[in-house]
Amino acid sequence: MQRNGQWWQHAVIYQIFPRSFQDSMGNGVGDLNGIINRMDYIVSLGVDAIWLSPIFESPMEDMGYDVTDMLDIDPLFGDMEDFDRLLDVAHTMGLKVLIDQVWNHTSDQHPWFVESRKSRDNEKADWFVWADAKPDGSPPNNWLSAFMGESAWKWDDVREQYYFYNFLPSQPELNWHNPDVVKAILNRAKFWLERGVDGFRMDAVNFYLHDKELRDNPIRPDNGIFPDGVDPDNPMVQHMFQYNFCQPENIEALKPIRQLVDQYPGTVTLGEVTLCEDSIDLSSQYVEDGDRLHLAYNSALLVDEPLSAELMSKTVGRVQEHFLQGGQCWMVGNHDYGRLRSRWTGSDAEGFPYPDEFYRMSAALLLSLPGALCLYQGDELGLPEAKIPKDIPEDKIQDPFGKALYPKVPGRDGSRTPMPWQENAPNSGFTKEGVEPWLPIPKKHRALAVDVQNADPDSLLNTWRRLMHWRRQQPALISGHFELMKAEEPVFVFIREYAEQRLLCVFNISNQPVKYDLSEFERYEPTVGLRFYSEVWEDVLKLPSYGVFFADL
């Protein structure tokens, strides 16, 4: 069921990782004015909104996800005047603006934590999660950090207690059981809503609440079943995700946030619900009943197996089964989870690397599914993930997660390299000549630069553009009912329907030509102009490898 008339329900949200988008200051790091300078490019894509990864004051130990002041812009990116200008320019061009909100934790340099660690009885003593050591001096329980592969508790000599962190030791967890913490967070949310933002992407939203009794997480059974989208080599998977996050009470914590946001018509909450046992099930609970989040993205498509019609049928079927009231936001790549180009093993079932046609088909498929979609910067160019140490030398690793678990877990730098704007310009046009970008730009990205793809009507960039602008004109795709049709592997077929439009969507998820019988449809008018090629002869559709066919029924 779609919530018709709401822009966010079917939005394409373009995620910008500001430090890697465009440098305007000449320091090798992208910034707010750089984004403004590239706003015409963003508009050319046909997206509905942009999501800015954190731009707030921070020591940058976790690239801005360790905030010291939620109400100010870090000088690395500019200042509040730059932000207000970005907001005005985006709105003038018809774009909504979502900003990242990191409400689960702060930096250990945040004034709240500095105060909290001073004593056990100060005003903010209970604003973070503190606990006494066991009699032997060891941590309170067996909880593990998602990033460090070790205990999620750090000893503090001043309070002579442990504090809890789910990610880095420099990111202490806020105590969401404390109503004063919730009130402070809501005040910060209101500050940005009053400033005119169109909503929030909420980081680690399933991590807000922990088990008050601090019970040990159970050991994961040896049955080979791992949480969605989590690297099996990450030490955290040795335990079930039961007590340090993903608490049932977390849903109640969302309600006051929604009550506040609903006071600002047209604004939206988009929650990150990953790192859980069943991300489709849990994320669907986070968008139910109209008093929680508007949208949630999950690990539905973050599977480590080649894409197939069976995989898509199973995944979309589960999403339809759980998201009965809408609210699904698809995600196949971002700053945490790699790039679209490396998704689904990067190879077909026979082990051959996917050709360009596969990624054009993937774009059409993702933009035809019901719900919203997050598109990560550079994925529209087909950028492959940078490799360590081939593209990024070991001594250039910036990601603290990547540093802590290298080489067992590759970390996140591979999807965070700067945007290549011009093939032959110094630093690919990201920053000026003679300046070292904060992360190296892989040589193989140059041939995929924006200026190269602009000139090629069949480039992946122009395919995404064509599809997104076309999609806006299709009521069935932006508001429609979804019906999965029976088809044999490797053909994936569904119908989107709204009002008078019934749109047939057929995809060949294989490297071989296929046929599909159209005789059950009385009338079909093939869509033209999208530069996907097919043949129809006597009600038989012939699709080339990774072919796409749309038709109005």
Exercise for review: Test Asn178 against Trp176 for side-chain hydrogen bond (donor to acceptor under 3.5 Å, both in side chains), laying out the working first.
Suggested key: CA-CA 5 Å; Asn178 184 336; Trp176 273 74; over 6 Å; no

Exercise for review: Kindly determine whether Thr68 and Gln109 satisfy side-chain hydrogen bond (donor to acceptor under 3.5 Å, both in side chains), including the steps that lead there.
Suggested key: CA-CA 6 Å; Thr68 51; Gln109 299 176 39; over 6 Å; no

Practice item. Verify side-chain hydrogen bond (donor to acceptor under 3.5 Å, both in side chains) between Gln15 and Ser53, making sure each step is shown before the conclusion. Key: CA-CA 7 Å; Gln15 183 196 353; Ser53 288; 3.1 Å; yes

Check your understanding: How far apart are the C-alpha atoms of Asn104 and Glu173, what are their side-chain angles, what is the distance that settles it, and do they pass the side chain to side chain contact (heavy atoms under 4.5 Å, CB included) test?
Key -> CA-CA 6 Å; Asn104 171 69; Glu173 295 280 310; 2.9 Å; yes

Review point. Where do Gln161 and Asp156 land on the side-chain hydrogen bond (donor to acceptor under 3.5 Å, both in side chains) test, with the steps shown first?
Key: CA-CA 6 Å; Gln161 281 185 305; Asp156 184 77; over 6 Å; no

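Between His294 and Phe200, every side-chain heavy-atom pair lies at or beyond the 4.5 Å cut-off. A heavy-atom distance below 4.5 Å is found between the side chains of Asp203 and His105. Looking at Trp344 and Asp304, their side chains never come closer than 4.5 Å, going by heavy atoms from C-beta outward. Considering only heavy atoms from C-beta on, Glu57 stays 4.5 Å or farther from Leu71 through its side chain. Residues Leu86 and Leu52 are in side-chain contact: their nearest non-hydrogen atoms beyond the backbone lie under 4.5 Å apart. For the pair Glu272/Arg201, a side-chain contact is recorded, criterion being any heavy-atom separation below 4.5 Å from C-beta on. The shortest distance between side-chain heavy atoms of Leu174 and Tyr208 does not fall below 4.5 Å. Side-chain atoms of Phe56 and Asp69, non-hydrogen and from C-beta on, never get closer than 4.5 Å to each other.
Side-chain atoms of Asp228 and Ser299 include no donor-acceptor pair closer than 3.5 Å. Side chains of Tyr264 and Glu194: a donor on one and an acceptor on the other come within 3.5 Å.
The pair Asp126-Arg120 does not count as a salt bridge, with every side-chain nitrogen at least 4.0 angstrom from each carboxylate oxygen. Look at Glu385 and Arg339 and you find no salt bridge, because none of the NZ, NE, NH1 or NH2 atoms lies under 4.0 Å from a carboxylate O. Ion pairing between a basic and an acidic side chain is recognised when a charged N comes within 4.0 Å of a carboxylate O; Asp180 and Lys183 show no such pairing. Under a 4.0 Å N-O distance rule, the pair Arg416/Asp336 qualifies as a salt bridge. Using a 4.0 Å cut-off between charged nitrogen and carboxylate oxygen, Lys314 and Glu310 do not count as a salt-bridge pair. For the pair Arg292 and Glu252, the salt-bridge criterion is not met [side-chain N within less than 4.0 Å of a carboxylate O]. Taking 4.0 Å as the cut-off between side-chain N and carboxylate O, Arg258 and Asp291 do not count as a salt-bridged pair.
Results of the side-chain contact (heavy atoms from CB on, under 4.5 Å) test with Thr267 over Asp262, Val197, Leu260, Leu193 single out Leu193 as the only residue that passes.
Between the side chain of Gln101 and the backbone N or O of Ala189 there is no donor-acceptor pair closer than 3.5 Å. Looking at Asp278, its side chain does come within 3.5 Å of a backbone N or O of Asp281 through a donor-acceptor pair. In terms of modelled atom types and a separation under 3.5 Å, the side chain of Ser119 and the main chain of Asn122 share a donor-acceptor contact. For Asn234 (side chain) and Ala146 (main-chain N/O), a donor-acceptor pair under 3.5 Å exists by modelled atom type.
The minimum heavy-atom distance linking Ile478 with His10 is given by the pair O-CD2, 2.8 Å. The nearest pair of heavy atoms linking Ile219 to His239 is CD1-CD2, 3.4 Å. Between Gln473 and His469 the shortest heavy-atom distance is CG-O, 3.7 Å.
Atom CD of Glu500 sits in a sparse spot, with 12 or fewer heavy atoms from other residues, nucleotides or ligands closer than 6.0 Å. The environment of NZ in Lys255 is crowded: more than 12 heavy-atom neighbours from other residues, nucleotides or ligands sit within 6.0 Å.
A distance of 11.0 Å separates CG in Asp31 from CD1 in Ile55, rounded to the nearest 0.5 Å.
A distance of 6.0 Å or more separates the ring centres of Phe147 and Tyr165. Remark: aromatic rings of Trp464 and Tyr14 are distant, center separation not under 6.0 Å. Remark: aromatic rings of Phe17 and Phe21 are distant, center separation not under 6.0 Å. Aromatic rings of Phe167 and Phe207 (six-membered ring for Trp) have centroids within the 6.0 Å cut-off, being under it. For an aromatic pair to be called close, the ring centres must be under 6.0 Å apart, and Trp130 with Phe113 satisfies this. With ring centers used as reference points, Phe164 lies 6.0 Å or more from Tyr162.
Judged by the 6.0 Å distance and 45° axis criteria, Lys96 is not positioned over the aromatic ring of Trp8. With Phe323 as the aromatic partner, Arg318 does not meet the cation-pi criteria of under 6.0 angstrom to the ring centre and within 45 degrees of the ring axis.
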